[in-house]
Amino acid sequence: MLLDDLDDSSVILLDASSSRVVTAGAIRNRAAQISQGNRKLVFLIANRTTEAVCWFLALLEARHPVALIDPDSTWPVIADLIDRYRPQVLVDPTTRHLEMLMSSPQGSSGRMIEPTVWVGPECRPAPHEELAVLLTTSGSTGSPKFVRLCSMNIRTNAEQIVNSLGITTNDRGVTVLPLHYSFGMSVLTSHALAGSSVLVTDRSVIEESFWSDMVRYDVSFLPGVPTTYATLRRLGFERRDLPHLRALIQAGGPLAPESISFFHNLMTRQGGRFFVMYGQTEASPRISCLPSECLPKKLGSVGRALSGGDLCIRGHDGNDLATGEIGEVIYRGPNVMMGYAGSREDLALGHSNQGVLATGDLGYLDDEGFLYLIGRSKRICKLAGARVSLDELESIATGIVGSESHLAAVDGGDAGVSIFAENLDSASAAKLRRGLQRQLRVPPMLIGIYPIDAIPLLANGKTNYAYLERMDEQNRGRNELDSF
């Protein structure tokens, strides 16, 4: 599938902890060992280890559909997924969940065939012949709903990413993102397709050993989400000597324009490039790309559709809107998912989306086809009778207090809007409230400012708005003097 054009000696993975090398031939050998018999649904506990990555790539090659499971999931969450989807195989390189499985009713009908592999009985219905990968939807960690991706979805999007970023056989990626997160998965698939190796590490950017490995193993492509780049700035990324780094890739949510300019200028001075990408898990997962050469002219844009894809903006009446008009972003392309699944029976379904994805995001296209995102269609609140985008409100608030303060806005209903902010003292909070009141032209009582030690995040690095909404309900019972 991804390795079709590579010879057996091509290096696919490098293990940071042991310097172990994994070749395309080794992946093919493992695929051959597991390809016997009927196609089986496999649950893979996808931690950032060479073992997990080898299993993932081999399962793709062997055409066994694989669900990538968050290794930090609790056993009750995994048990619920097992009940709903009835996998025939569970691979757990951590072995932690296998211990729970073998002592549970779900595991009693199967057996251990390796220390990390449990095999259960055959199950019906059989997965659709094209089904390749199951991923949880963005923001739905722990949800029983999966996105169904076929082999063509995965390979096509890998080709689109390789072409957009210019990945070559001489490049090297790194597993800095979770593998069960679609962005992290796409790092593996795109580099594998290009014959470009990936450094497998479970270290984070706050660990000095991560940066030592970046230099030692000649990593040239570093991906990240907005929280990654906020951390890099706090850690003084511009002072690091990374001689082989030639590209930074940002996706997974909006990054403040000031931060985009900072990293773009930094990479340009060092002869490298900074890419802004936009996508959704439902698109396997990338949709558009803004290359460095389009900055600063197109600052604020997430670029144009990837090759083979098409973007348009749809109005409330279902018709396409003209250039510059704001509506829902619609993407068409061969990388659009087969559909969703909520049970084992859904795995047998074919393509329900017909290559069209209504993203739920609001935005507009300029006269050159560059996409500008405004926010989520459901991220709307009413303030003093006026509709306000909570995502746009976050951008305004960030502009007032500066990009160093991570913040999030949630709808407080009749109480107005609530802003949760990190690193905010009383003076900055007062400045933020005055600035928002002036720009929104609403009474100050409709703007709640709440300090927080850290904005809660989902496993994919995005803001956990559901958690903040629950906090907001609790805050509404507090006296206004308890907030800034």
*Is a side-chain N or O of Glu328 found less than 3.5 angstrom from the main chain of Gly360, in a donor-acceptor match?*
yes
*asked:* Run His64 and Val89 through side chain to side chain contact (heavy atoms under 4.5 Å, CB included) and show every step you take.
replied: CA-CA 10 Å; His64 287 292; Val89 181; over 6 Å; no
*Donor-acceptor pair, Glu473 side chain versus Arg470 backbone, under 3.5 Å?*
no
*Would a distance-only check, ignoring hydrogens and angles, find a side-chain to backbone donor-acceptor pair under 3.5 Å from Tyr85 to Ala341?*
yes
*Closest heavy-atom pair and its distance - Ile206, Leu235*: CA-CD1, 3.9 Å
*Locate the shortest heavy-atom distance separating Pro226 from Ala251; write the atom from each residue and the value.*
CD-O, 3.4 Å
*Over 12 foreign heavy atoms within 6.0 Å of CG, Leu299*: yes
*Go through Ser343 and Arg84 one step at a time and tell me if the side-chain hydrogen bond (donor to acceptor under 3.5 Å, both in side chains) criterion holds.*
CA-CA 5 Å; Ser343 67; Arg84 288 175 178 270; over 6 Å; no
*Are Val42 and Trp55 close enough that some pair of their side-chain heavy atoms sits under 4.5 Å apart?*
no
*asked:* Using only atom types and a distance under 3.5 Å, with no angle test, would you say the side chain of Glu394 pairs donor to acceptor with the backbone of Ala408?
replied: no
*May I ask you to test the Leu101-Ile82 pair for a side-chain heavy-atom distance under 4.5 Å?*
yes
*Can you check salt bridge (Lys or Arg N to Asp or Glu O under 4.0 Å) on Glu258 and Arg233, steps first, answer last?*
CA-CA 12 Å; Glu258 188 271 336; Arg233 292 199 67 174; 2.7 Å; yes
*List the atom of Pro285, the atom of Ser186, and the distance in Å for their closest heavy-atom pair.*
CD-CB, 3.5 Å
_Exam field: side chain Asp80 to backbone Val77, donor-acceptor pair closer than 3.5 Å_ = no
*Please determine if Arg273 forms a cation-pi arrangement with Phe221, meaning its NZ or CZ atom is less than 6.0 Å from the six-membered ring centre and no more than 45° off the ring axis.*
no
_Distance, nearest 0.5 Å, that separates CG of Leu222 from CD1 of Ile249_ = 7.0 Å
*Dump the intermediate steps for side chain to side chain contact (heavy atoms under 4.5 Å, CB included) on Ile400 and Arg434, then the final yes or no.*
CA-CA 10 Å; Ile400 293 172; Arg434 288 194 303 270; over 6 Å; no
_Worked check of side-chain hydrogen bond (donor to acceptor under 3.5 Å, both in side chains) between Asp472 and Ser418_ = CA-CA 7 Å; Asp472 190 44; Ser418 297; 2.5 Å; yes
*State, to 0.1 Å, how close His264 and Ser292 come at their nearest heavy-atom pair, and which atoms those are.*
CE1-O, 3.3 Å
*asked:* Rounded at 0.5 Å granularity, tell me how far CD in Glu345 sits from CZ in Arg86.
replied: 5.0 Å
*Do Glu422 and Ile452 have side chains that get closer than 4.5 Å, going by heavy atoms?*
yes
*Would you check if Leu457 and Asn464 make a side-chain contact, meaning some heavy-atom pair closer than 4.5 Å?*
no
*Does any donor atom in the side chain of Gln106 or Ser104 lie under 3.5 Å from an acceptor atom in the other side chain?*
yes
*Where do Ser261 and Leu295 land on the side chain to side chain contact (heavy atoms under 4.5 Å, CB included) test, with the steps shown first?*
CA-CA 8 Å; Ser261 295; Leu295 291 169; over 6 Å; no
_Test item: His191 side-chain N/O and Leu13 main-chain N/O as donor-acceptor pair under 3.5 Å_ = no
*So, Phe420 versus Tyr467, ring centres under 6.0 angstrom or not?*
no
*Would Arg48 and Thr175 count as having a side-chain donor-acceptor pair, cut-off 3.5 Å?*
no
*Where do Phe274 and Leu266 land on the side chain to side chain contact (heavy atoms under 4.5 Å, CB included) test, with the steps shown first?*
CA-CA 9 Å; Phe274 182 76; Leu266 175 64; over 6 Å; no
*Arg148 and Asp346: CA distance, side-chain angles, deciding distance, salt bridge (Lys or Arg N to Asp or Glu O under 4.0 Å) verdict*: CA-CA 9 Å; Arg148 296 183 291 120; Asp346 293 340; over 6 Å; no
*CG/Leu306 to CD1/Ile287 distance, rounded to the nearest 0.5 angstrom?*
8.5 Å
_What verdict does the side-chain hydrogen bond (donor to acceptor under 3.5 Å, both in side chains) test give for Asn353 and Glu282, after you've listed the backbone C-alpha separation in whole Å, the side-chain angles of each residue and the deciding distance to 0.1 Å?_
CA-CA 10 Å; Asn353 283 59; Glu282 291 85 345; over 6 Å; no
*Smallest separation among heavy atoms of Pro291 and Phe275, with atom names*: CA-CD2, 3.8 Å
*How many angstroms lie between atom CZ of Phe262 and atom CG of Leu232, to the nearest 0.5 angstrom?*
9.0 Å
*Could you label the plane-to-plane angle of the Tyr364 and Tyr372 rings as parallel, tilted or perpendicular, counting under 30° as parallel and over 60° as perpendicular?*
parallel
_Counterpart residues, side-chain hydrogen bond (donor to acceptor under 3.5 Å, both in side chains), relative to Ser301 (two or more places apart)_ = none
*Does Arg172 reach the main-chain N or O of Leu199 with its side chain, forming a donor-acceptor pair under 3.5 Å?*
no
*Between Thr156 (side chain) and Asn153 (backbone), is there a donor-acceptor pair under 3.5 Å?*
no
*Check: Gln160 main-chain N/O paired with Ser164 side-chain donor or acceptor under 3.5 Å*: yes
*Got Asp70 and Thr136 here, is their nearest side-chain heavy-atom distance under 4.5 Å?*
no
_Student check: side-chain heavy atoms of Trp211 and Val205 closer than 4.5 Å_ = yes
*Identify the two heavy atoms, one from Ala247 and one from Met267, that lie closest to each other, and give their separation to 0.1 Å.*
N-CE, 3.8 Å
*So do the side chains of Trp75 and Arg96 get within less than 4.5 Å of each other, counting heavy atoms only?*
no
*Phe183 CZ to Gln250 CD distance, which is reported to the nearest 0.5 Å*: 7.5 Å
*Give a yes-or-no answer on whether the side chains of Thr268 and Asn265 include a donor-acceptor pair shorter than 3.5 Å.*
no
*For residues Ser284 and Asn157, is any side-chain donor paired with an opposing acceptor at under 3.5 Å?*
no
*For residues Val329 and Leu365, determine if any side-chain heavy atom of one lies less than 4.5 Å from a side-chain heavy atom of the other.*
no
*So, Thr201 side chain and Arg203 main chain: donor-acceptor pair closer than 3.5 Å or not?*
yes
*Rounded to the nearest 0.5 Å, what separation is found between the CD1 atom of Ile45 and the CG atom of Asp72?*
10.5 Å
